[in-house]
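Beneath this line is the structure, given in structure tokens, with notes to follow.
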There are 2 protein chains.
Amino acid sequence: MSGAQRTGRGTVKSPQRRQHLAGQDRQEQIIDRAVELFAQKGFALTTRELASGLQITQPLLYRYFPSKQMLIEKVYERVFFSRWRPEWAQWLADRRQPFRQRLIHYLTDYTQAILHNEWVRIFLYAGLQDPALNQRYLAMLHKDVFSVINAELRHENHADAPPDARQIMLETEILWGFHASFFYMGVRKWVYQLPMPDDLEALIAERVDAFLGGVLHPARP
Amino acid sequence: MSGAQRTGRGTVKSPQRRQHLAGQDRQEQIIDRAVELFAQKGFALTTRELASGLQITQPLLYRYFPSKQMLIEKVYERVFFSRWRPEWAQWLADRRQPFRQRLIHYLTDYTQAILHNEWVRIFLYAGLQDPALNQRYLAMLHKDVFSVINAELRHENHADAPPDARQIMLETEILWGFHASFFYMGVRKWVYQLPMPDDLEALIAERVDAFLGGVLHPARP
DNA sequence: AATTTTGATTATCGTTCGATAAATTCAGAG
DNA sequence: CTCTGAATTTATCGAACGATAATCAAAATT
């Protein structure tokens, strides 16, 4: 009876040799796969589907995560906060390069960080379920990126007088629209699943120029 | 035993007088409420929750809809296609008014149609589950709106030569970013649940000017 | 008032879900 | 080689889900 797998009988369903993994490795493996599968099916993905995708049994998940929700939290951490680069703010503020070039540099790196199937889809799934995570992320973006870009824009325009509240609001709104347009490229590709141009570099340059052309005042002689 | 509700016994749980509604009315009532509740909880909303929100019993839903999925289809119809205005294309092409004004007119009406909690959230829920609906909607948008705006832009720029494929692609990309920025206002408000400026009119005008400033070439003397 | 039709409820089925307990197998230490 | 602890599986529970059948009550019809 026991040890059926080692006997030569060919009808055994699968070799099915148990893979004992070190706890740490298994935990990371689970998170990795959860990122992929949650991105596809959302948090409605069942623990059985996840286990099946890992070729392990479903109760094993509960050895490493006390609940499905706690696993989801780990997925958040892996996807969003591990890809954030604090140096973005410094790049944008470094006036040794032209502002246009700084913007392109930042956006090239930023899009490389977030324009992935898992990032875009899980960000939306998270927001629809509970926006707390998105608010945290966007607060970070506002603080490290938006405020710097707005300051540099005013510097480029030789604006001496500090802008009033309404002016700041309008500038921030334009910036929101501009910045979100890159995230939205991911929405088009991985949510709507529409074809996208592949030359991202060119698109970034084009949008930066359209943005600056609309928001930069040429020096009036 | 029978007729317990009419006897004077005060311990009866609720008056619970059966509300007989005409079939047509009940069906519409169900769809209306389903729109609200699906927008909040997504399609994971259970038929029991929906029934509870309507103060009816759960099996009654199946008198009016053969399955939950068919009800979802009706919700799509109600939310998206009933709010589409075919006249948008005509407005945009009507050269008796300045292009800037046409754009503002269109966007004011368009945002009034789509900037609602249910529209934005259900559009995203739908896309994440199956993008077929979104593709249909966006194909409509592309055909009726994008192509007209692009044509008018070329007309404004006095572009005689027909643009090459790459030029069309770049223009369309800029337009995507511009147009999506209005939908994204709804995402900020009802998905991320961030505070939004209330003066939509001003925001539209500001964005239109930023867009045209970046994309319109001043006549070179 | 009796009868029919249709709207609405009660009861329930089969399935699937997240989670737990107990038994089993691997791998490293002695 | 044996022992032991950690990793994994088997078996299962209670709750919740979509859906159906049977029953009941309110209108509409006659």
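All chains are named by letter (A, B, ...) in the order of the sequence lines, taking the proteins before the strands, and each is independently numbered beginning at 1.
The main-chain N or O of T108(A) is found under 3.5 Å from a side-chain atom of T111(A) such that the two form a donor-acceptor pair. Looking only at distances, a side-chain donor or acceptor of S147(B) sits under 3.5 Å from a matching main-chain atom of K143(B). Judged by distance alone, with hydrogens and angles left aside, the side-chain atoms of Q135(B) form a donor-acceptor pair with the main-chain N or O of Y192(A) at under 3.5 Å. Of the possible donor and acceptor atoms, one in the side chain of N134(B) sits under 3.5 Å from a partner among the backbone N and O of F123(B).
Every residue meeting the side chain to side chain contact (heavy atoms under 4.5 Å, CB included) condition with L45(B), not counting sequence neighbours, appears here in chain and number order: L37(B), F38(B), K41(B), E49(B), L50(B). When the side chain to side chain contact (heavy atoms under 4.5 Å, CB included) test is applied to Y125(B), the partners found at least two apart in sequence or on another chain are L128(A), F43(B), R121(B). The side chain to side chain contact (heavy atoms under 4.5 Å, CB included) check on R100(B) picks up I104(B), A205(B), V208(B), D209(B), L212(B), with sequence neighbours excluded.
Between R26(A) and dT8(D), a side-chain N or O to OP1/OP2 separation shorter than 4.0 Å is present.
Counted within 6.0 Å of CG on D130(B), heavy atoms from surrounding residues, nucleotides or ligands total more than 12; the atom is thus considered enclosed.
At least one cation-pi condition fails for R136(A) and F80(A): the charged atom is not both under 6.0 angstrom from the six-membered ring centre and inside a 45 degree cone around its axis.
The stretch residues 28-37 of chain B does not touch DNA chain D, since none of its heavy atoms comes less than 4.0 Å from the strand. For the contact set between residues 51-69 of chain A and DNA chain D, defined by any heavy atom under 4.0 Å, the members are I56(A), T57(A), P59(A), L60(A), R63(A), Y64(A).
The side chain to side chain contact (heavy atoms under 4.5 Å, CB included) with V35(B) is formed by just one residue from the set H116(B), E118(B), K74(B); it is E118(B). Partner W119(A) forms a ring pair (Phe, Tyr, Trp, His ring centres under 6.0 Å) with one of Y76(A), Y137(A), W190(A), F182(A) and no other, that one being Y137(A).
In this entry the distance linking NE2 of H20(B) with P of dT4(C) reads 18 Å, nearest Å. Remark: C1' of dG18(D) and CG of L50(B) are 13 Å apart, rounded to the nearest angstrom. If you take CZ of R48(B) and C1' of dA19(D), they are 9 Å apart, rounded to a whole angstrom.
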Please enumerate all protein N or O atoms sitting under 3.5 Å from an N or O of nucleotides 28-30 of chain D, with distances to 0.1 Å.
none

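Within 4.0 Å (heavy atoms only), L45(A) reaches sugar-phosphate atoms of the nucleic acid but no base atom.
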